[in-house]
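Before any comments, here is the structure.
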Amino acid sequence: EDILESYHKISGMRLWDAKHENLSNEIERIKKENDNMQTELRHLKGEDIATLPYPDLIQLQEALDNGISIVSEKEMKIYKKYETKMRMLEEEENQLNYVLHCQQARHKHEMMDGDIREMGGGVCINPPAERDYHYQTPPFGYRVQPIQPNLQDRM
(Lines give C-alpha, C1' and ligand atoms only; values in the text may rest on other atoms or scores of the structure.)
Protein backbone atom coordinates (compact mmCIF):
# COMPACT_ATOMS: atom_id res chain seq x y z
CA GLU A 1 0.00 0.00 0.00
CA ASP A 2 2.90 2.37 0.75
CA ILE A 3 4.36 1.75 -2.69
CA LEU A 4 1.00 2.48 -4.32
CA GLU A 5 0.65 5.71 -2.33
CA SER A 6 4.15 6.83 -3.35
CA TYR A 7 3.33 6.08 -7.01
CA HIS A 8 0.08 8.04 -6.71
CA LYS A 9 1.91 11.08 -5.32
CA ILE A 10 4.67 11.02 -7.94
CA SER A 11 2.62 10.21 -11.05
CA GLY A 12 -0.67 11.77 -10.08
CA MET A 13 -2.51 8.67 -11.36
CA ARG A 14 -4.67 6.39 -9.20
CA LEU A 15 -4.12 2.69 -9.93
CA TRP A 16 -6.37 1.45 -7.17
CA ASP A 17 -9.81 3.01 -7.32
CA ALA A 18 -13.23 2.13 -5.85
CA LYS A 19 -13.89 -0.42 -8.61
CA HIS A 20 -10.77 -2.36 -7.67
CA GLU A 21 -11.67 -2.07 -4.00
CA ASN A 22 -15.06 -3.69 -4.70
CA LEU A 23 -13.36 -6.49 -6.60
CA SER A 24 -10.98 -7.03 -3.71
CA ASN A 25 -13.91 -7.26 -1.28
CA GLU A 26 -15.70 -9.70 -3.58
CA ILE A 27 -12.58 -11.88 -3.75
CA GLU A 28 -12.35 -11.93 0.04
CA ARG A 29 -16.05 -12.85 0.35
CA ILE A 30 -15.66 -15.72 -2.15
CA LYS A 31 -12.55 -16.99 -0.31
CA LYS A 32 -14.50 -17.09 2.97
CA GLU A 33 -17.42 -18.86 1.27
CA ASN A 34 -15.00 -21.38 -0.23
CA ASP A 35 -13.43 -22.01 3.19
CA ASN A 36 -16.88 -22.56 4.71
CA MET A 37 -17.78 -25.02 1.95
CA GLN A 38 -14.50 -26.88 2.44
CA THR A 39 -15.27 -27.18 6.16
CA GLU A 40 -18.81 -28.39 5.43
CA LEU A 41 -17.45 -30.95 2.97
CA ARG A 42 -15.02 -32.27 5.59
CA HIS A 43 -17.93 -32.56 8.03
CA LEU A 44 -19.98 -34.48 5.46
CA LYS A 45 -17.03 -36.84 5.03
CA GLY A 46 -17.00 -37.41 8.80
CA GLU A 47 -13.86 -35.37 9.47
CA ASP A 48 -13.59 -32.74 12.22
CA ILE A 49 -17.07 -33.44 13.65
CA ALA A 50 -15.89 -33.64 17.29
CA THR A 51 -15.94 -29.85 17.55
CA LEU A 52 -19.47 -29.43 16.13
CA PRO A 53 -22.24 -28.39 18.53
CA TYR A 54 -25.28 -30.64 18.94
CA PRO A 55 -27.65 -28.65 16.63
CA ASP A 56 -25.07 -28.76 13.84
CA LEU A 57 -24.67 -32.51 14.33
CA ILE A 58 -28.45 -32.99 14.01
CA GLN A 59 -28.47 -30.88 10.84
CA LEU A 60 -25.54 -32.90 9.46
CA GLN A 61 -27.36 -36.16 10.24
CA GLU A 62 -30.50 -34.96 8.44
CA ALA A 63 -28.45 -33.94 5.40
CA LEU A 64 -26.79 -37.37 5.31
CA ASP A 65 -30.15 -39.15 5.73
CA ASN A 66 -31.57 -37.15 2.81
CA GLY A 67 -28.54 -38.05 0.73
CA ILE A 68 -28.94 -41.74 1.56
CA SER A 69 -32.62 -41.73 0.58
CA ILE A 70 -31.87 -39.98 -2.73
CA VAL A 71 -29.10 -42.47 -3.51
CA SER A 72 -31.39 -45.39 -2.60
CA GLU A 73 -34.13 -44.10 -4.91
CA LYS A 74 -31.66 -43.71 -7.76
CA GLU A 75 -30.32 -47.20 -7.09
CA MET A 76 -33.84 -48.67 -7.24
CA LYS A 77 -34.57 -46.90 -10.55
CA ILE A 78 -31.37 -48.27 -12.04
CA TYR A 79 -32.09 -51.77 -10.69
CA LYS A 80 -35.64 -51.73 -12.14
CA LYS A 81 -34.27 -50.67 -15.55
CA TYR A 82 -31.71 -53.48 -15.29
CA GLU A 83 -34.41 -56.05 -14.49
CA THR A 84 -36.58 -54.85 -17.38
CA LYS A 85 -33.69 -55.07 -19.82
CA MET A 86 -32.74 -58.52 -18.56
CA ARG A 87 -36.33 -59.76 -19.06
CA MET A 88 -36.37 -58.32 -22.58
CA LEU A 89 -33.04 -59.98 -23.37
CA GLU A 90 -34.26 -63.33 -22.02
CA GLU A 91 -37.41 -63.12 -24.15
CA GLU A 92 -35.39 -62.21 -27.21
CA GLU A 93 -32.98 -65.07 -26.51
CA ASN A 94 -35.91 -67.49 -26.24
CA GLN A 95 -37.31 -66.29 -29.56
CA LEU A 96 -33.94 -66.56 -31.25
CA ASN A 97 -33.40 -70.05 -29.83
CA TYR A 98 -36.80 -71.04 -31.17
CA VAL A 99 -36.05 -69.66 -34.62
CA LEU A 100 -32.62 -71.28 -34.62
CA HIS A 101 -34.07 -74.61 -33.57
CA CYS A 102 -36.70 -74.42 -36.31
CA GLN A 103 -34.11 -73.56 -38.94
CA GLN A 104 -31.90 -76.44 -37.80
CA ALA A 105 -34.88 -78.76 -37.84
CA ARG A 106 -35.84 -77.64 -41.35
CA HIS A 107 -32.30 -78.28 -42.49
CA LYS A 108 -32.42 -81.78 -40.99
CA HIS A 109 -35.79 -82.30 -42.64
CA GLU A 110 -34.34 -81.41 -46.02
CA MET A 111 -31.58 -83.94 -45.43
CA MET A 112 -33.90 -86.70 -44.28
CA ASP A 113 -37.63 -87.14 -44.24
CA GLY A 114 -39.26 -85.90 -41.07
CA ASP A 115 -42.66 -85.07 -39.84
CA ILE A 116 -44.05 -81.63 -39.10
CA ARG A 117 -45.45 -81.03 -35.67
CA GLU A 118 -47.32 -78.04 -34.42
CA MET A 119 -45.71 -76.41 -31.39
CA GLY A 120 -47.37 -73.64 -29.36
CA GLY A 121 -49.19 -71.96 -32.23
CA GLY A 122 -46.22 -72.05 -34.61
CA VAL A 123 -44.85 -74.68 -36.94
CA CYS A 124 -41.59 -76.31 -35.99
CA ILE A 125 -40.10 -79.32 -37.72
CA ASN A 126 -38.76 -82.18 -35.58
CA PRO A 127 -38.74 -80.47 -32.14
CA PRO A 128 -36.24 -81.97 -29.70
CA ALA A 129 -37.46 -84.41 -27.08
CA GLU A 130 -35.74 -82.56 -24.25
CA ARG A 131 -36.00 -78.78 -24.38
CA ASP A 132 -33.87 -76.42 -22.29
CA TYR A 133 -36.05 -73.47 -23.24
CA HIS A 134 -39.76 -72.77 -23.50
CA TYR A 135 -41.38 -72.53 -26.89
CA GLN A 136 -43.24 -69.33 -27.53
CA THR A 137 -45.38 -68.20 -30.41
CA PRO A 138 -42.94 -67.47 -33.19
CA PRO A 139 -42.51 -63.88 -34.36
CA PHE A 140 -44.17 -64.81 -37.67
CA GLY A 141 -47.91 -65.43 -37.43
CA TYR A 142 -49.06 -68.44 -39.40
CA ARG A 143 -50.53 -71.74 -38.25
CA VAL A 144 -51.12 -75.03 -39.95
CA GLN A 145 -54.82 -75.77 -40.01
CA PRO A 146 -55.38 -79.14 -41.70
CA ILE A 147 -59.17 -78.91 -41.28
CA GLN A 148 -59.44 -75.92 -43.64
CA PRO A 149 -59.33 -76.65 -47.38
CA ASN A 150 -56.52 -75.12 -49.37
CA LEU A 151 -58.18 -72.30 -51.27
CA GLN A 152 -55.28 -71.93 -53.68
CA ASP A 153 -55.84 -75.41 -55.19
CA ARG A 154 -59.18 -74.21 -56.67
CA MET A 155 -57.56 -71.66 -58.96
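Throughout, numbering of the chain's residues begins at 1 and tracks the sequence. The analysis underlying the following values was restricted to heavy atoms, covering all of them including side chains, and did not include hydrogens, waters or symmetry mates. These numbers were taken from a predicted model, which means no experiment stands behind them.
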Worksheet item: Roughly how far, to the nearest 0.5 Å, is CD of E40 from CG of D35?
Response: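 Interatomic distance, D35 CG to E40 CD, rounded to 0.5 Å: 13.0 Å.
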Worksheet item: To the nearest 0.5 Å, how far apart are NE2 in H101 and NZ in K108?
Response: 7.5 Å
Fill in: Where H43 and L52 come nearest, the two heavy atoms and their spacing
CE1-CD2, 3.3 Å
Discussion item. Which residues pass the side-chain hydrogen bond (donor to acceptor under 3.5 Å, both in side chains) test with E47, not counting sequence neighbours?
Written reply: none
Worksheet item: side-chain hydrogen bond (donor to acceptor under 3.5 Å, both in side chains) with E26: which residues, sequence neighbours excluded?
Response: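 For E26, the residues satisfying side-chain hydrogen bond (donor to acceptor under 3.5 Å, both in side chains) (neighbours in sequence not counted) are R29.
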Worksheet item: Taking ILVMFWY side chains as joined if any heavy atoms are under 4.5 angstrom apart, and letting links pass through other members, which residues group with I70?
Response: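 None, because no other hydrophobic side chain comes under 4.5 Å of this residue.
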Which residues pass the side chain to side chain contact (heavy atoms under 4.5 Å, CB included) test with [X], sequence neighbours left out?
X   : result
L64 : L44, L60
E93 : N97
P53 : P55, D56
K31 : I27, E28

Worksheet item: What residues form a salt bridge (charged side-chain N to carboxylate O under 4.0 Å, His left out) with D48, not counting sequence neighbours?
Response: R42
Worksheet item: Would you find more than 12 non-hydrogen atoms of other residues, nucleotides or ligands less than 6.0 Å from I3 atom CD1?
Response: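 It does not: I3 CD1 has 12 such atoms or fewer within range.
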Worksheet item: Which pairs pass side chain to side chain donor-acceptor pair (under 3.5 Å) with one or both residues in residues 58-81, sequence neighbours excluded?
Response: Y79-E83
